[in-house]
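Below is one structure, written out as structure tokens; comments come after it.
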Amino acid sequence: MKFLACIILIAFVLMISCDSSQRDSRSGNANSPSIEVSSFGRIPDAGEVKMYKLDNGRGMVVEIINYGAIIKSIQVPDDKGDIRDITLGFDRLEGYLTEHPYFGTVIGRYGNRIANGSFQIDGQQYSLATNNGPNHLHGGLNGFDKVLWDEVRQWKDQDSLHLELSYLSPDGEEGYPGNLQVILRYSLTSNNEIIINYKARTDQKTHVNLTNHSYFNLDDSPTIEDHELKIIASQFTPVDNTLIPTGVIDNVSGGPFDFTSLKRIGEHIGSNNQQIEIGGGYDHNFVLNKPSLESPSITVRSNLSRIAMDVYTLEPGVQFYTGNFLDGSIVGKSGGVYEKRSGFCLETQHFPDSPNHEDFPSTLLNPGEEYTTTTIYRFYNF
Ligand code: BGC
């Protein structure tokens, strides 16, 4: 009898401990938040590249390198509690030093295109590097994505881990006027959010439009066409055939550009629509109805992994790009081949070519002013 009672007691204890370990691994409460710094290699003549691993102790990890201020990975739990890296990129520094389409990089001084690489400020003409047909794209030949950023500081507070990086862009770099001091802060919160805050100051009038160019794929499918997307934008800015806004602001009104309620990305991507044809898919700026850090302007989710991402931003627009120019020629993380549309970008920013469109929200930064903007990416299971 005693023996039987003993067996029952042991079985009971085993059941309890098994159940609680399952709970722990799902809630991911096991570790305390940490920032780990390691070497990610060296760039001849520039120096050591550091990697910062931010781990919020709740199952979410973000790796950032100070070359290009690149987000190398975003690791989040799926609905089964398995951790998935949901961004495109490379395992090693060598990959990031090759010609690649801005995987995870910061973009500056100007996100997206400036027509013919030129603008005027107070009647003076400035000529920028042209690196995309006739146009200037993503800051030029050697934009902020290809420079080594300095570490300012890294710290933890009650809810978050923070990393601050800085870069001084000298007067005349890529053709832009003014010395521009930029400070970028990445935070990872205990609520599975990445917060990016951008700040900049100049000593001469210049144009600034900073963003992050992460490519997401929430379930590792060969294309992202089955992801569902919502962008609270009633309007978008159509482009000419060099992807420069025509200046018209069009209503999305039920057409392929209408993502005002959740819709499969692929739903209309093959449609017979002139704008879709020009972009080879989506490669357009959406005019956000109500940019805010209180409620998300964008939601995207995968029914396979049941991972969802909400994007909150103070920026007036978002460039939604469906990786149309990926063509299988890049071998990325773990030997994965990046085929057309294997990732999408949501680049929160001012509109492309704003310096040449007076009626677009201005990107001009004056000496004495501070450029500051914030975007939040929140991850969860649904
Ligand atoms: C642009 C695309 C470009 C891609 C990679 C996106 O922001 O809108 O046209 O191909 O970046 O450079």
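Whatever order the structure lists ligands and atoms in, that order sets their numbers, starting from 1.
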Around atom CG of N272, are there more than 12 heavy atoms of other residues, nucleotides or ligands at under 6.0 Å? no
So which protein residues pack against ligand 1 under 4.0 Å, heavy atoms counted? Y102, N112, R113, L137, H138, H213, Y215, L243, D283, Q319, Y321, F325, E347
Of D283, T237, T211, which meets side-chain hydrogen bond (donor to acceptor under 3.5 Å, both in side chains) against Q319? D283
Charged N-O contact under 4.0 Å between E63 and K53: no
Does a salt bridge link R264 with D226, judged by any charged N lying under 4.0 Å from a carboxylate O? yes
Determine the interplanar angle of the F40 and Y96 rings, folded into 0 to 90°, and report it as parallel if under 30°, tilted if 30 to 60°, perpendicular if over 60°. tilted
K230: salt bridge (charged side-chain N to carboxylate O under 4.0 Å, His left out) partners, not counting sequence neighbours: none
